[in-house]
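Remarks on the structure that follows.
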Amino acid sequence: MTDQLTYPDVVNYAVPFFIVAILLELVWIVVKGRGGRYETRDALTSLIMGAGNVASGILLGFIAWGFFMLLWQITPLDLGTSVWVVVLCFVLDDLRYYWVHRFGHRIRWVWASHVNHHSSQHYNLTTALRQTWTGTFTFMMIVRAPLILLGFHPAMVLFCGGLNLIYQFWIHTEAIHKLPRWFESIMNTPSHHRVHHGRNARYLDCNYAGVFIIWDKMFGTFVPEQDDEKVDYGLVHNLGTFNPLRVAFHEWIGIFKDMSQSGLTLRERLMYAVAPPGWSHDQSRETSDQIKASHLAHHPEDRGTPGFS
Amino acid sequence: MPLEILLILVVGGISGIAVILHLLGLTSPRRLRDAEDARAAWLREFPYELPTDITLSADQRAALITTQAGPGLVWCLGADTVSRPLSGSDLSVTKNGLRVDFHDVGAPHARISLPDADRQKWRDLMRTA
Ligand SMILES: [Zn+2]
Ligand SMILES: [Zn+2]
């Protein structure tokens, strides 16, 4: 019977709210003269990436959905649809988000999809919408399998995932400095997520949280925003293009080029896909760990401070 | 939500926001103020490859950086800058200056607009630096 369960497609319904919020943030920045930056082509690219993400969901969503419904057929468990089950589902799906996001930064195959979210040098509400087109190809839907096997209906899991994404929209802003201490200690906030978008050596690979920052604190990846080190947004090597097709596919093409070089061992070819971003067979590039190590070699005084432990 | 409504919202929202930003004068505002600004832009991406010489383009939208490890380019993109070493890139002459092809999907090329007088100087620097 619960095979027929449906929830509203929350992300689509949030589109008018996204547009209004972006206009409000823009007015705030223009009137106050602070609180963030906008640039036409950067914002346009981010918005097109967001639209493409919705389109890819419509076109390719059936793949993940088919996988989830298959799991739902085999599991003997059904937790039902009570409010508390939905709340529990939301919390556990946020834990799922933490790990998918962490894999997204530590496995180049998954990074190839997630990189575009970090490809802007800006940090405003349009950056939140700079979402991947290629998420399906990372196979990260597997991380949701335990939730469905535990008896959470696939439609409920996707509903919670949608709410999670909507929560993350408003934290992509420089207009909010810091929120009350209790809120900053439990929830993901603009301050925590700014750090996540940083290309500073200190801020690489931390604050993977979606809604609750507690996961980063539990798993040792939390770095608080430092008053004396402003976040520099973007990639270690920033993109030299606003072309949405290049933004969407550049890292996938990079993987393919690296893997198909001549003279590599099978292991080296595989490592170009599954090792952390920046791995290379000839040490010609740097991973985030190596970037942090070079930073410490030049700034030994930073050893043991947040992000360099 | 019906697909047509979603489509109208998305297309209308995106183009509306882009038009407003452009009318506010927020399109491609970045210029390199001076050599110091270009140096900072380079060091942002290559903190340990110290510039030994910096040549700014007349329109202040690009700078040629000389380092021990070879020449590199800083150029303006939107409100920000991008930097790349020039090794492995291809240089060609265009109507307005030079074009560098990086063979990099994420940074395919940079167009440097240069007056005729500067063009040869830049080409020599890029080759010998
Ligand atoms: Zn991320
Ligand atoms: Zn983000």
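Chain A is the first sequence line, chain B the second, and so forth, proteins listed ahead of strands; every chain is numbered from 1.
Crowding of B:Tyr48 atom OH: a count of heavy atoms from other residues, nucleotides or ligands under 6.0 Å exceeding 12. The number of heavy-atom neighbours closer than 6.0 Å to CZ of A:Arg269, taken from other residues, nucleotides and ligands shown, is above 12. No more than 12 heavy atoms of other residues, nucleotides or ligands lie within 6.0 Å of CD in B:Gln68, so this atom counts as exposed by the packing criterion. Residue A:Trp111 places its CH2 atom among more than 12 non-hydrogen atoms of other residues, nucleotides or ligands, all under 6.0 Å distant.
In this structure, the portion of B:Leu6 lying under 4.5 Å from any heavy atom of chain A is its side chain and not its backbone. Residue B:Ser28 touches chain A through both its backbone and its side chain, counting heavy-atom pairs closer than 4.5 Å. The contact between A:Val236 and chain B is made entirely by backbone atoms, counting heavy-atom distances below 4.5 Å. Neither the backbone nor the side chain of B:Ile5 comes within less than 4.5 Å of any heavy atom in chain A. Interface remark: A:His295 contributes backbone and side-chain atoms alike to the contact with chain B (heavy atom separation under 4.5 Å). For B:Ile20, the part lying under 4.5 angstrom from a heavy atom of chain A is the side chain only. The contact between B:Arg84 and chain A is made entirely by side chain atoms (from C-beta outward), counting heavy-atom distances below 4.5 Å.
B:Pro108 and A:Gly240 make their closest contact through CD-O, 4.2 Å (heavy atoms, listed as atom of the first residue, atom of the second, distance). In plain terms, the two heavy atoms of B:Gly78 and A:Arg41 that are nearest each other are N-NH2, 4.1 Å. Considering every non-hydrogen atom in both A:Ala51 and B:Val10, the closest pair reads CB-CG1, 3.6 Å. The heavy-atom pair separating A:Thr40 from B:Ala18 by the smallest distance is CG2-O, 3.6 Å.
Contact check for B:Ile14 versus A:Leu44: side-chain heavy atoms found under the 4.5 Å cut-off. Proximity of B:Leu21 to A:Leu26: side-chain heavy atoms (C-beta onward) are separated by under 4.5 Å at one or more points. Taking the side chain as every heavy atom from C-beta outward, B:Asp80 and A:His122 approach each other to under 4.5 Å.
Taking CD1 of B:Ile17 as the reference point, atom OH of A:Tyr38 lies at 7.5 Å (rounded to 0.5 Å).
Contact tally against chain A (heavy-atom pairs below 4.5 Å) for B:His22, B:Glu45, B:Arg30: the top residue is B:Glu45. If you tally non-hydrogen atom pairs under 4.5 Å between each of A:Ser119, A:Ser294, A:Ala201, A:Ala43 and chain B, the highest count goes to A:Ser294. Of the listed residues (B:Val105, B:Val19, B:Val11), the one with the most heavy-atom contacts under 4.5 Å to chain A is B:Val105. Among A:Leu129, A:Asp232, A:Val247, the residue with the largest count of heavy-atom pairs under 4.5 Å with chain B is A:Asp232. Ranking A:Asn238, A:Ile253, A:Thr241, A:Ile19 against chain B, the residue ahead of the rest is A:Asn238, based on heavy-atom pairs under 4.5 Å.
For the pair A:Arg199 (side chain) and B:Arg44 (backbone), a donor-acceptor distance under 3.5 Å is present. A distance-only check finds no donor-acceptor pair linking the side chain of A:Arg246 to the backbone of B:Gly106 [under 3.5 Å]. Under a 3.5 Å cut-off, the side chain of A:Gln121 and the backbone N or O of B:Thr81 do form a donor-acceptor pair.
With hydrogens and angles left out, the side-chain atoms of A:His250 and B:Asp104 include no donor and acceptor closer than 3.5 Å.
Taking the centre of each ring, A:His237 and B:Phe46 come in below the 6.0 Å mark.
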